[in-house]
Amino acid sequence: MRPYPGRVTETSIRTRFAPSPTGMFHVGGARSALFNWAIARQRPEGRMVLRIEDTDAARNKPEWTDGIIRALALLGINEDDPHFEGPYFQSDFAEKHRETALALYKDGRAYYCDCTREQVQERRDNPNLGYDGFCRDRGLTAGPGRALRFRIPDGGPTIVDDRIRGRVEFEHGAMEDFVVARADGSPLFVLANVVDDVEMRITHVVRGEEHLSNTPKQQLLWEALGHTPPVWAHLPVIVNEKRQKLSKRRDKVALESYLDEGYLPEAMVNYLMLLGWAPGGDREIMPWSEMAPLFALSDVNSSSAFFDEKKLRAFNGEYIRALPLAEFMSRCGPWLADDVAPWPAANYDDAVFRAIAPLAQSRIAVLSEIVPNVDFLFLDAPVEDDQSWNKAMKPGVGAEMLAAAIGRFADPGLVWEAEALKAALEEAGAGLGLKLGKAQAPVRVAVTGRTVGLPLFESLELLGRERVLARLRAAADRLAAQQSAE
RNA sequence: GCCCCCAUCGUCUAGUGGCCUAGGACGCCGCCCUUUCAAGGCGGUAACACGGGUUCGAACCCCGUUGGGGGUACCA
């Protein structure tokens, strides 16, 4: 456990990222973290505090916490950088939260209330407000079944000065005396969050728009505790195609699932930074190192942003193509590993992959796509794809073309090298009145199983004469059997 | 219901009263290149929600309408 940081003397910016570990790490959370991180890094003494809000024991799991820390590290946010502070765990500060709740009561800023949920419902004289303040002046002391409520000051609005949205006014008349501590004394989010922010000397609270309505309550709490509220900034929500806030239930929101598919962390960072913000200058593909210094809260948009996986894909493709070959190969590693690849481990040959990798690099947009592009090299037999087969193996032409190709390729005088193979196939096709485009199709499907793929002749060269001929013959046999059966 | 936020191409955005006959990117379409598919090159499609003001002049300022969204727990 880590104690509160204590007296922080510097006046620099201190931001925080305070996720609750109740599920897979969310792309929206990732963006918030990135924005907070960018701000903290803009000052030599700037800090971003990572605080895990784990007070909801029933919904928290340690693996979610690990997932958050791991994901942040992948995005480049970790303790290796001096701007990082934490992680802290909110549950470690429960005592302070309880003390603060009590202090609020002693100062008369909060009072005990023994109303049940039902009673609150029944008695609401104002149908538009939840709780009517029934226990405000009943002078109740702490006791079983009594929750602690914060007394909203009479009259006047609370004005939240938001860096992104400007002045937002909340009339006190429309705010209910909200609960800060449960009947068992445990504090609620709204309080714990503020207490920690105060203790950690947070200067900028940058979070999702869904927290905007909590803000007047929290600002009142900051003031009741004798502190000047931080700079508030509420980011636009990230929405799905139906313009609803991304939800764990119905949308694909886990950062990890994108990474698992082969989205590069740096592409993800780049894309996420563009949700609600733009560096300007007609540039969008920009490394974090250039973006971070340019980021400013005042430039953040206030309207919701759609998470467009198509655009993410395009970005990812750009980043993949920009990788040096060796780097590209090692990034592909996880998808070629023995335990996940579809081919027998013994068949894999790194030298073969090295030879084919440059051809694949410009053709994939997410790393997982490397597998179907190179599998024919390592599988004992090409994959069976009926659609490809039916398209390329048209009656007559298919069989003729396969036979012609076998004839040419079997010639021992043929140098087994891409250029020569191309010429040979061109001739074979010409003999049947077929241009290369048509002529290569049956061969491609016979050898790789698919109608689309990497450049064919380089592929044939790498596969080797024996295997190519075997596959061509197998396809010819299959085609013959198929046709005699009809 | 109530409180609050938002509103530029399908999408992400540039734009902060004249530089806008509104720019870029993704997507989509066409052409070129080409052994398939990509990549690359070239070109195209497409937006200031609506109505009032303010102003010599509004995408930019104000008001309203409409439409979206968020919040409304003794969850975080």
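- In this entry the distance linking CZ of A/F178 with C1' of B/rG71 reads 15 Å, nearest Å.
- Both distances falling under 3.5 Å, in either a Watson-Crick or a G-U wobble arrangement, occur for no nucleotide opposite B/rU55.
- The phosphate of B/rA38 (OP1 or OP2) has no side-chain N or O of A/N373 nearer than 4.0 angstrom.
- The interatomic distance linking A/E209 (CD) with B/rG70 (P) rounds to 9 Å, in whole Å.
- Distance check on atom C1': B/rU8 versus B/rU16 gives 14 Å, rounded to whole Å.
- Contact check, A/K438 against B/rU36: no side-chain N or O comes under 4.0 Å of OP1 or OP2.
- Nucleotides B/rA25 and B/rG68 place their C1' atoms 24 Å apart, quoted to the nearest Å.
- Taking side-chain N and O atoms only, A/K422 has a distance below 4.0 Å to OP1 or OP2 of B/rU35.
- Taking 3.5 Å as the limit, the base of B/rU36 and the side chain of A/R450 contain no donor-acceptor pair of atoms between them.
- Contact annotation: A/R283 side-chain N/O to B/rU13 OP1/OP2 distance is not under 4.0 Å.
- Between A/L359 and A/L454, the shortest heavy-atom contact is O-CD1, 4.0 Å.
- If you check B/rC5, B/rC6, B/rU11 against the side chain of A/R243, the one that comes closest is B/rU11.
- In this structure, B/rC26 and B/rG10 make a Watson-Crick or G-U wobble pair, each of the two defining distances being under 3.5 angstrom.
- Using Watson-Crick or G-U wobble geometry with both donor-acceptor distances under 3.5 Å, B/rA49 finds its partner in B/rU65.
- Using the Watson-Crick or G-U wobble rule with both distances under 3.5 Å, B/rG40 pairs with B/rC32.
- Here the C1' atom of nucleotide B/rG27 and the CG atom of A/L312 are 14 Å apart, to the nearest Å.
- Between B/rG15 and B/rA7, the two P atoms lie 14 Å apart (nearest whole Å).
- The separation between A/N240 atom CG and B/rG68 atom C1' is 12 Å, rounded to whole Å.
- Put simply, A/R165 has no side-chain N or O that comes within less than 4.0 Å of OP1 or OP2 on B/rG70.
- In this structure, of B/rU16, B/rU13, B/rA38, it is B/rA38 that holds the atom nearest to the side chain of A/S362.
- With hydrogens and angles ignored, no donor-acceptor pair closer than 3.5 Å exists between the side chain of A/K310 and the base of B/rC26.
- B/rC37 atom C1' lies 12 Å from atom CG of A/L359, rounded to whole Å.
- Side-chain proximity of A/R363 to the nucleotides B/rA7, B/rU36, B/rG70 is greatest for B/rU36.
- Counting non-hydrogen atoms under 4.0 angstrom, A/H234 reaches nothing in the nucleic acid.
- For the side chain to side chain donor-acceptor pair (under 3.5 Å) with A/H234, the qualifying choice from A/R207, A/R163, A/H211, A/E210 is A/R207, the only one to do so.
- Picking from B/rC5, B/rU35, B/rC12 the nucleotide with the shortest atom distance to the side chain of A/L274 gives B/rC12.
- The nucleotide whose nearest atom lies closest to any side-chain atom of A/E284 is, among B/rU35, B/rG10, B/rA25, B/rA25.
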